[in-house]
Amino acid sequence: MKNYLLFDLDGTLTDPKEGICTCVQYALSSFGIDEPDLDKLEPFIGPPLKESFMEFYQMSEEQAEAAVEKYRERFRDKGIFENELYNWVPEMLRALNSKGMFMAVASSKPTVFVRQILEHFNIAKYFKVVVGSELDGTRTDKAEVIEEALRQLFGEKPVDKSKVYMIGDRRHDVEGAHAYGVDAVGVTYGYGGMEELKEAKADYIVRSVAELEKFLLRGTEETQKLTTFQRIMQMLVPFLLFILVRNIGMNIGVMLLVTLGNSIPGGDFLFVRNGEGALEALTGNGSVIVSTLGFIAGAAAIFNIAKRTLAKAAEDMKLTHIKEEPGKSYLLMGIAAVGLAIGFNVLLELTGVIDNSAVYEAVAEAQYAAILPLGLVCFGLITPIAEELLFRGIIYNCVRRYLKPIAAMVMSSALFAMYHGNSVQGIYAFAMGCLMVYAYEYFGDFRMAVAVHVISNVLIYCISYQPGVAALFLNWPVCILCLAFGGGSLWLLNKEKKIYG
């Protein structure tokens, strides 16, 4: 949670269209330019006036300075109050203030005018600092305004840029924030619009004041209400519920199959019988069916919890994933999943880690004792979906509310590793768990974590099912090549968009 908030004024807190555009119209008329359509003057809202006169009407620097003076001639007494607050702004500021947020206004408008407007609308009391440009034309660059606002806001303390949001509606707000090194929140209800904010690469984009309030307050209520013990229980209860119901489901599955086995003759597909025809044990097929029933039961038990948690996370993530990812990103993630899944498995085999784990060998023997289609349904589809609901859907998102995303990645992946109960699957689960979290964060879509899990499980199950096929991969060149392809794909993805700064 970031608690130092810099707000632009025009197009973010207030709608200044009538005042600004009418004053621009007044200034242009002094140059013999008649512009009756105020809508055409909307680009003047937000950016520094001098630059706008030069850009949109090809004025020289001297002419632009004269136009600014004519603009202010009308603005000082009349235009300044031809303005109105956006709906819900006072309520949002009140809510943010009640949560202890440190708020400032950082505007390209002269500071004296900004203060008058804030006082006029009775919202000046919410801002600890008000910074704008100077009447002499200095400090019009947004990065300079942001720097000065944060210097005053932090006072004697060093400025912590990781705790700051710059909130504005135009590209110069975003560019100024990035130039100074802080995250930018774009608002589309102002005058920049979605495309301008996307092009400027706003870190987050919201569509309304209500959505902005919800975004800025995310996590504050839970952080204040929940103790450390309660936060741990948020993760522990679903985990224990999943394990308990999964085991109960498996026991019920065994009973059902035994009942079925006693009622029909034969049944060699599911049962091992002694010489008298009595049931002795389940076959590999029977064991896998029991596992499948257990995982379905476990997933069903936590489904509603996962659904609520994922819905909350999706609401947050959609603000950072406005732009649709290109097809090449999905291809690179697929290559990363394939390359790292094969590479890590071969590495564990070549280094002897697998040979030293009797527990893993017993698990692998049971998994590969079923026919291929049955094994793929259980371990390639049902198990990944169930585990993703728990570990990425619930546990990762719970940890992410209180820790930075990369710390949440490590913690949730470590829990995923311990859950497997043996060193081989633990090492592999930690590495692939990190990849699943990365896919989730990169695309802002839980289904991508599921897809990576399914792809890696299906691939490794198919390769390992036939010892002859598996032997073809067990050499260092294949290991190094696969890891290089997987790591290279992640490098290319990260080059395109950094998830962890």
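Everything numeric in this text was worked out from a predicted model, so none of it was measured.
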Who passes salt bridge (Lys or Arg N to Asp or Glu O under 4.0 Å) against K497, sequence neighbours left out? E325
With ring pair (Phe, Tyr, Trp, His ring centres under 6.0 Å) as the rule and sequence neighbours excluded, what pairs involving residues 329-368 come up? Y330-F443, Y368-Y461
Given side chains that start at C-beta, do those of Y428 and N345 come closer than 4.5 Å, heavy atoms only? yes
Which label fits H420 and F416: parallel for a plane angle under 30°, tilted from 30 to 60°, or perpendicular past 60°? perpendicular
Give me each pair satisfying side chain to side chain donor-acceptor pair (under 3.5 Å) with a member in residues 154-168, each pair once, sequence neighbours excluded. Y4-K157, D160-S162, Y165-R218
Go through the structure and list residues passing side chain to side chain contact (heavy atoms under 4.5 Å, CB included) with N87, not counting sequence neighbours. none
Return the set of residues passing side-chain hydrogen bond (donor to acceptor under 3.5 Å, both in side chains) with T14 (not counting sequence neighbours), or none when no residue passes. N83
Can you name the salt bridge (Lys or Arg N to Asp or Glu O under 4.0 Å) partners of R308, sequence neighbours left out? none
Sequence neighbours excluded - salt bridge (charged side-chain N to carboxylate O under 4.0 Å, His left out) pairs with any residue from residues 172-196: K2-D183, K142-D173, R170-E196, R171-E175, E195-K198
Can you sort out the partners of E349 under salt bridge (Lys or Arg N to Asp or Glu O under 4.0 Å), two or more places apart, ordered by chain and number? none
Mind jotting down which residue pairs meet the salt bridge (charged side-chain N to carboxylate O under 4.0 Å, His left out) criterion with at least one end in residues 377-398? Sequence neighbours excluded, please. E388-R392
Suppose the criterion is side chain to side chain donor-acceptor pair (under 3.5 Å): which pairs have a residue in residues 476-491, not counting sequence neighbours? none
Does anything in residues 428-446 pair up under salt bridge (charged side-chain N to carboxylate O under 4.0 Å, His left out), and if so which pairs, sequence neighbours excluded? R400-E441, D445-R447
Partners meeting side-chain hydrogen bond (donor to acceptor under 3.5 Å, both in side chains) with N285 (sequence neighbours left out): none
When you check the gap from the basic side-chain N to the acidic O, do K312 and E315 get nearer than 4.0 Å? no
